[in-house]
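Each remark here refers to the structure printed beneath this line.
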Amino acid sequence: MQCWQGARLATLAGDRGWGLIDDGALLVDDAGRLCWVGPRAEVPAADAVVDLGGALVTPGLVDCHTHLVYGGNRANEFEMRLHGATYAEIAQAGGGIKSTVAATRAASEADLLTAARRRVRALMAEGVTTVEVKSGYGLDAATEARMLRVARALAHEPLQVRTTYLAAHALPPEATSADAYVDAVCAWLPELHQAGLVDAVDAFCEHIAFSPAQVARVFDAARALGLPVKLHAEQLSDQGGAALAARYGALSCDHLEFLSADGVAALAAAGTVAVLLPGAYYALRETQLPPLQALRDAGVPLALATDHNPGSSPTLSPLLMLNMACVLFRMTPEEALRGMTVNGARALGLRDRGQLVAGQRADFCVWDVGHPRELAASFGHNPLIHRVYEGRIQGGA
């Protein structure tokens, strides 16, 4: 048993508040779990002691929405948007997701893994200990499987990876019927699930993607296999996707800029997590804010993620997302940090991480700051000292 002591702990215990313990200590058992958390003066005896010299300790960060596996890049679309092109216009012109699909199909599995490993290590260097990785840039059976295998291989890093099947991301260029493609998406899923490649199923419910009726068919296929669902919903318009997802008990609905009052109520009733993605809001220069106060008032858990992807959120900085969530969405620093720890974990269906309490995984971060609000208040530098995964130091910045 190992004791980590001499730190200010931001435990995030309970449903609100920082849960600060000054001069605190953590006991980690041999299985990599927290078995005691409290003031250093009360800590039980341990086999080994690590003194943290007054640093801040928080739970490890959970990035619950990423698209880390892909080929190519879309920097040209950044310029197009600056000249006035919208997300939908770029997609309709053959750019956007379809551009990345072509590059991803052309890339080897080894090349996809090399690129994805660089990206995930950047997230880890800012404190991420759990990450979700979606498919959705293959849009055919072989490439979707390749993406999911690469995502699974990222778990060879000292990191937990959750994989999400997102073949219902866009209509592939060779498709002649959206309904026929949805049939194919549903048909590919059982084999991928049997191969152990899928933890959850996602879809993009939008006027440039798939209708609620088509998404429901994908969700029915997921339900038949006992897989949880998530949804890209209400990013560009209100399609009623959030209410649909809530009817299926979705783990999360993500984006939500155009979420209606009915959608908020549906999420609250279902216990579905709202995942806010300020990187995409910023990069696309959106003006429609997600209804943060309505979500708060309804008691909907708020999560936060990078949404790393090559087009609309090409960021690899979870710390920058903390700041953007506060500045752009007016989240509080505590809401932002909870969004990328305990509520990020909830958005993945995980209850064993995100807080510094006994029984949780010993995944935590040691920071060179005095108060957790500083993680959101500053940007452009990385104060991480150590990233601890299952009770073992895995490096920092």
Side-chain angles (χ1 to χ4, degrees), residues 60-75 77 96-139 143-170 192 196-204 230 232 251-252 254-255 275 277-280 283 303-321 340 344-345 347-348 350 363 387 389 394:
L61 302 186
V62 178
D63 195 352
C64 66
H65 182 132
T66 82
H67 305 257
L68 285 170
V69 179
Y70 58 85
N73 74 75
R74 282 157 46 195
E77 295 177 16
I97 293 169
K98 291 180 181 179
S99 172
T100 300
V101 168
T104 304
R105 288 179 175 181
S108 70
E109 193 160 326
D111 287 343
L112 289 174
L113 179 57
T114 297
R117 185 173 284 134
R118 285 197 302 267
R119 296 172 193 133
V120 85
R121 287 176 178 172
L123 296 177
M124 293 163 63
E126 289 199 4
V128 170
T129 53
T130 298
V131 66
E132 183 254 22
V133 182
K134 302 179 190 293
S135 69
Y137 291 133
L139 310 187
T143 315
E144 288 292 305
R146 186 157 72 245
M147 290 184 69
L148 290 166
R149 286 194 300 270
V150 168
R152 278 282 188 250
L154 292 175
H156 294 158
E157 305 288 330
L159 175 83
Q160 185 159 97
V161 177
R162 303 294 286 181
T163 58
T164 299
Y165 176 62
L166 181 59
H169 196 194
L192 295 171
L197 295 176
V198 181
D199 295 318
V201 173
D202 197 350
F204 188 16
K230 304 163 68 68
H232 287 59
L251 293 175
S252 74
D254 305 30
H255 286 291
V275 179
L277 304 171
L304 186 64
T306 64
D307 187 21
H308 174 79
N309 72 77
S312 64
S313 188
T315 181
L316 289 166
S317 176
L319 293 176
L320 180 59
M321 296 305 96
M340 204 164 263
L348 299 177
L350 302 173
D363 296 346
R387 191 184 73 99
Y389 181 76
Q394 301 294 343

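Note that these values count all heavy atoms, side chains included, but never hydrogens, waters or copies made by symmetry.
- Put simply, OH on Y137 and CG on L68 are 10.0 Å apart, with the number rounded to the nearest 0.5 Å.
- How far CG of L139 is from CG of L166: 8.5 Å, rounded to the nearest 0.5 Å.
- Summarising the geometry of E144 relative to S135, their closest heavy-atom pair is OE1-OG, 2.6 Å, with the distance given to 0.1 Å.
- Of the inter-residue distances, the one linking L251 atom CG with C64 atom SG reads 10.0 Å to the nearest 0.5 angstrom.
- One distance of note links OG of S312 with CZ of R74; it measures 6.5 Å at 0.5 Å rounding.
- Looking at heavy atoms from C-beta onward, M124 lies in side-chain contact with P158 at the 4.5 angstrom threshold.
- In this structure, the side chains of V131 and L154 stay at 4.5 Å or more apart for every pair of heavy atoms.
- For T315, the side chain to side chain donor-acceptor pair (under 3.5 Å) criterion is met by no residue, not counting sequence neighbours.
- Rounding to the nearest 0.5 angstrom, the gap separating the CG atom in D63 from the CE atom in M340 is 5.0 Å.
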Run the side-chain contact (heavy atoms from CB on, under 4.5 Å) test on T306 and L316 for me, step by step, so that the C-alpha distance in whole Å, both residues' side-chain angles and the decisive distance to 0.1 Å come before the verdict. CA-CA 7 Å; T306 64; L316 289 166; over 6 Å; no
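- Looking only at side-chain heavy atoms (C-beta outward), H65 and S252 stay at 4.5 Å or farther from each other.
- Contact detail for A145 and L192: the closest heavy-atom pair is CB-CD2, 3.6 Å.
- In this structure, K230 and V201 have side chains that are not in contact, with every pair of non-hydrogen atoms separated by 4.5 Å or more.
- Test D202, D307, T164, N309 against K134 for side-chain hydrogen bond (donor to acceptor under 3.5 Å, both in side chains) and you get one pass: D202.
- Residues Y70 and H308 are in side-chain contact: their nearest non-hydrogen atoms beyond the backbone lie under 4.5 Å apart.
- Proximity of a side-chain donor or acceptor of Q394 to a complementary backbone N or O of R387 within less than 3.5 Å is not detected.
- Looking at E126, its side chain does come within 3.5 Å of a backbone N or O of L319 through a donor-acceptor pair.
- Residues L61 and D363 have side chains not in contact (no heavy-atom distance under 4.5 Å, counting atoms from C-beta outward).
- Side-chain N or O atoms of T66 include one that pairs as donor or acceptor with a backbone N or O of E132 at under 3.5 Å.
- In this structure the side chain of P318 reaches within 4.5 angstrom of the side chain of L123, judged on heavy atoms.
- With no hydrogens or angles considered, no side-chain donor-acceptor pair links H232 and H169 at under 3.5 Å.
- R162 places no side-chain N or O within 3.5 Å of a backbone atom of A200 that could act as its donor or acceptor partner.
- Proximity of T163 to L197: side-chain heavy atoms (C-beta onward) are nowhere separated by under 4.5 Å.
- Side chain of R105 to main chain of G71: no donor-acceptor pair is present (N/O by atom type, distance under 3.5 Å, no hydrogens or angles).
- Side-chain atoms of E109 never come within 3.5 Å of backbone atoms of V150 as a donor-acceptor pair (strictly under, hydrogens ignored).
- Contact between I97 and A170 at its shortest, heavy atoms only, is CG2-CB, 3.8 Å.
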Would you please test H255 and F204 for ring-ring contact (aromatic ring centres under 6.0 Å, His included) and show each step? CA-CA 11 Å; H255 286 291; F204 188 16; 7.2 Å; no
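- Between T104 and R146 the shortest heavy-atom distance is O-NH2, 3.5 Å.
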Steps toward side-chain contact (heavy atoms from CB on, under 4.5 Å) verdict (V69, R149): CA-CA 10 Å; V69 179; R149 286 194 300 270; over 6 Å; no
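- With rounding to the nearest 0.5 angstrom, the NE2 atom of H67 is 9.0 Å from the CE atom of M147.
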